[in-house]
There are 2 protein chains.
Amino acid sequence: MSISSRFAVGIHILTLIEINKGGVSTSEFLAGSVNTNPAVIRKIMGMLKRAGLVKVRPGIAGAVLAKDFADITLLDVYRAVNVVQEKDLFSIHENPNPDCPVGRNIQETIGPIFEIAQTALEKALENVTIQDVVKDIIEKEKLNNKC
Amino acid sequence: MSISSRFAVGIHILTLIEINKGGVSTSEFLAGSVNTNPAVIRKIMGMLKRAGLVKVRPGIAGAVLAKDFADITLLDVYRAVNVVQEKDLFSIHENPNPDCPVGRNIQETIGPIFEIAQTALEKALENVTIQDVVKDIIEKEKLNNKC
DNA sequence: TTACCTGTAATCATACTAATTACAATTAGA
DNA sequence: TCTAATTGTAATTAGTATGATTACAGGTAA
């Protein structure tokens with residue numbers, strides 16, 4: 001079980017739009033980098049657009065970032081692509097037996113604990129921006145060019 | 001998409017074994033509290049046993065905790081029931097295009113970030129023990145008895 | 001031997017994901 | 001107006017994981 005790769009693809013898309021700033025980032029172009037079908041990219045782009053992270057117009061080639069890349073966190077992307085429902089990362093079994101003290105209390109006991117864990121994860125994502133990813137990639141490219 | 005409810009069920013099982021310390025915690029009994037089929041409980045019990053969290057013997061009724069409940073963290077349960085693979089909470093798309101700088105670097109750029117986020121979640125689980133859950137439930141029962 | 005227990009596999013239905021195909025709507029340029 | 005390229009969306013397929021259920025084998029104590 002894992003969080004859908006469309007989160008990673010969303011990050012890839014935004015990063016590439018930034019790095020390709022002078023160029024035209026069509027869904028075909030983005031799909032080439034991700035190595036997937038353009039329809040997949042368009043689906044995710046639609047989500048990113050609805051979340052206000054990119055601007056794209058029907059019939060007009062090329063997406064652009066709708067916000068400064070330093071202001072887009074990985075949490076924004078995570079929320080945009082809807083890989084996890086709010087407070088819903090962990091499933092809790094339904095209908096435990098209310099005749100049993102554990103059964104009647106378990107949901108509201110572990111629910112808040114699970115929320116804290118989810119929030120910790122989300123805070124870690126909130127600490128990273130697309131700018132950090134772009135910087136990291138540029139650094140890696142410089143290192144690779146040294147080899 | 002969410003983490004399987006068998007993690008929550010695992011916590012429920014361990015909590016109930018502790019609270020029912022003087023009694024016999026058969027899989028039938030545990031299943032009654034969880035409101036599921038005993039075969040489900042036995043499956044999860046097998047995992048908890050292999051992880052050294054409970055002791056059960058074939059043919060002999062009743063599971064007992066293999067460790068003090070104050071020494072069993074929710075992270076132990078999470079690992080025991082194998083809901084998430086190590087470092088594998090987030091999926092990353094495979095085979096991005098190596099001809100593109102973003103494509104060739106994205107996996108090793110976001111991989112470590114995803115690990116940090118997963119570790120943050122896991123640390124939050126590590127901070128909670130079955131004892132905390134037991135205490136919480138007992139507190140709630142006292143409050144409920146006041147109504 | 002019987003009754004009860006644990007342990008495991010198989011089956012089925014459901015939901016989600018990823019990949020692909022098809023096609024409608026929009027836009028710019030000829 | 002037509003054409004080509006683009007975005008946007010739905011439908012289909014295949015694979016996987018999950019949850020629920022059933023069946024049955026093996027172990028234990030009386």
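Values below: every heavy atom of this structure, side chains too, minus hydrogens, waters and symmetry copies. Predicted, not measured: the structure shown is a model, and the values here were computed from it. Order of the sequence lines fixes the chain letters, A, B, ..., with proteins taken first and strands second; residue numbering starts at 1 for each chain.
With sequence neighbours left out, A:K55 forms a side-chain hydrogen bond (donor to acceptor under 3.5 Å, both in side chains) with no residue at all.
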Sugar-phosphate or base contact per nucleotide [nucleotides 17-30 of chain D; S, B, -; heavy atom under 4.0 Å]: -SSSBB----BSS-
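Protein chain B touches strand DNA chain C; the 5'-most and 3'-most nucleotides with an atom under 4.0 angstrom of its non-hydrogen atoms are C:dC5 to C:dT17.
Other residues, nucleotides and ligands contribute at most 12 non-hydrogen atoms within 6.0 Å of the NZ atom of A:K87. Residue A:K140 places its NZ atom among more than 12 non-hydrogen atoms of other residues, nucleotides or ligands, all under 6.0 Å distant. At most 12 heavy atoms of other shown residues, nucleotides or ligands fall within 6.0 angstrom of atom CD in B:E28. Within a 6.0 Å sphere centred on NZ of A:K67, other residues, nucleotides and ligands contribute more than 12 heavy atoms.
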Return a table of donor-acceptor pairs under 3.5 angstrom between the side chains of residues 68-81 of chain B and protein atoms on other chains or two or more places apart.
from  : atom 1 : to     : atom 2 : distance (Å)
B:D68 : OD1    : B:A70  : N      : 2.9
B:T73 : OG1    : B:L75  : N      : 3.3
B:T73 : OG1    : B:D76  : N      : 3.0
B:T73 : OG1    : B:D76  : OD2    : 3.2
B:D76 : OD2    : B:T73  : N      : 2.8
B:Y78 : OH     : B:E122 : OE2    : 2.7
B:R79 : NH2    : B:E122 : OE1    : 3.3

Pair up each side-chain donor or acceptor in residues 10-19 of chain B with any protein partner under 3.5 Å, not counting sequence neighbours, and list the distances.
from  : atom 1 : to    : atom 2 : distance (Å)
B:H12 : ND1    : A:H93 : NE2    : 2.8
B:H12 : NE2    : B:S33 : OG     : 2.7
B:T15 : OG1    : B:I11 : O      : 2.7
B:E18 : OE2    : B:K21 : NZ     : 3.4

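In this structure, A:I44 atom CD1 and D:dT9 atom C1' are separated by 14 Å, rounded to whole Å. Note: CG (B:D88) to C1' (D:dT16) measures 14 Å, nearest angstrom. One can place CG of A:L48 at 14 Å from C1' of D:dG8, the figure rounded to the nearest angstrom.
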Worked check of side chain to side chain contact (heavy atoms under 4.5 Å, CB included) between A:R6 and A:K43: CA-CA 10 Å; A:R6 73 175 177 269; A:K43 174 99 185 279; over 6 Å; no
Intermediate values then yes/no, side-chain hydrogen bond (donor to acceptor under 3.5 Å, both in side chains), A:S25 and A:N20: CA-CA 7 Å; A:S25 296; A:N20 186 43; 3.0 Å; yes
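DNA chain C is contacted by no residue of residues 9-28 of chain A, taking any non-hydrogen atom closer than 4.0 Å.
Heavy atoms only, all atoms of each residue included: B:L125 and A:A117 are closest at CD2-CB, 3.8 Å.
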